[in-house]
Amino acid sequence: EAEVAQSPRYKITEKSQAVAFWCDPISGHATLYWYRQILGQGPELLVQFQDESVVDDSQLPKDRFSAERLKGVDSTLKIQPAELGDSAMYLCASSLLWGGNTEAFFGQGTRLTVV
Amino acid sequence: GENVEQHPSTLSVQEGDSAVIKCTYSDSASNYFPWYKQELGKGPQLIIDIRSNVGEKKDQRIAVTLNKTAKHFSLHITETQPEDSAVYFCAASLNGQFYFGTGTSLTVIP
């Protein structure tokens with residue numbers, strides 16, 4: 001069964017350091033999402049791609065976060081510099097089409113701890 | 001954007017009983033409503049979904065109902081089992097984006 005792959009599963013970093021997360025969506029899925037999930041809350045959208053283009057990054061803290069999906073396949077989310085408040089689960093999801101009304105599948109996430 | 005509210009935040013049921021989780025949404029243009037199950041340390045897993053042109057959908061022990069007029073939808077789990085224990089999230093899709101509820105922690109007591 002096709003899955004969304006994320007790495008690493010866990011990351012501990014010191015504040016002010018740089019950190020990067022990688023996501024490989026289900027093959028053929030045009031839409032890719034990065035979400036942040038704070039413990040005890042629902043996922044919140046950081047950035048959404050349609051192929052290689054950013055559809056929505058209005059909630060992405062652009063002073064420290066960046067995301068790219070250069071070839072419209074896999075994607076990288078970077079934080080530089082990391083802050084204590086960035087500790088959370090970072091989830092990647094993909095869906096076949098854009099525009100809603102279609103299933104989105106999540107990866108296992110990257111648990112980030114900033115110390 | 002869309003605002004999704006979910007209740008209750010915690011739910012405990014005896015094994016074999018039914019569990020019901022309710023969500024409301026604010027924007028009538030939302031047209032797709034998935035439910036996810038999230039186990040500790042894992043990503044959310046899609047368990048059932050419903051589109052706005054359907055009022056009810058069932059898959060074995062789980063079912064979802066949608067009332068577009070009232071803008072609410074519900075997840076029903078019958079004959080609950082210990083392995084149903086997890087956090088459940090509802091979501092609404094609007095303009096290609098998903099808006100999530102705050103989650104319900106379900107505990108099934110053997």
Crowding at CD, B:Glu15 (>12 non-hydrogen neighbours, <6.0 Å): yes

N-O pairing of A:Glu103 and B:Arg51 below 4.0 Å: yes

Per-residue contact mode, A:Gln6 against chain B (heavy atom under 4.5 angstrom): neither

Part of B:Pro44 lying under 4.5 Å from any heavy atom of chain A: both

Leading residue by heavy atom contact count with chain B [cutoff under 4.5 Å; candidates A:Gly109, A:Cys92, A:Ala104]: A:Ala104

pair B:Phe98-A:Leu45: side-chain heavy atoms closer than 4.5 Å: no

Neighbour count >12 (heavy atoms, 6.0 Å) for atom CD1, A:Ile12: no

Residue A:Lys62 excluded, over 12 heavy atoms near NZ under 6.0 Å: yes

Heavy-atom proximity to chain A below 4.5 Å, by part of B:Gln38: side chain

Engaged part of B:Tyr99 at the chain A interface, taking heavy atoms whose separation is under 4.5 Å: neither

B:Tyr32 and A:Thr102: CA distance, side-chain angles, deciding distance, side-chain contact (heavy atoms from CB on, under 4.5 Å) verdict: CA-CA 7 Å; B:Tyr32 173 64; A:Thr102 186; 5.8 Å; no

Neighbour count >12 (heavy atoms, 6.0 Å) for atom CD, B:Gln60: no

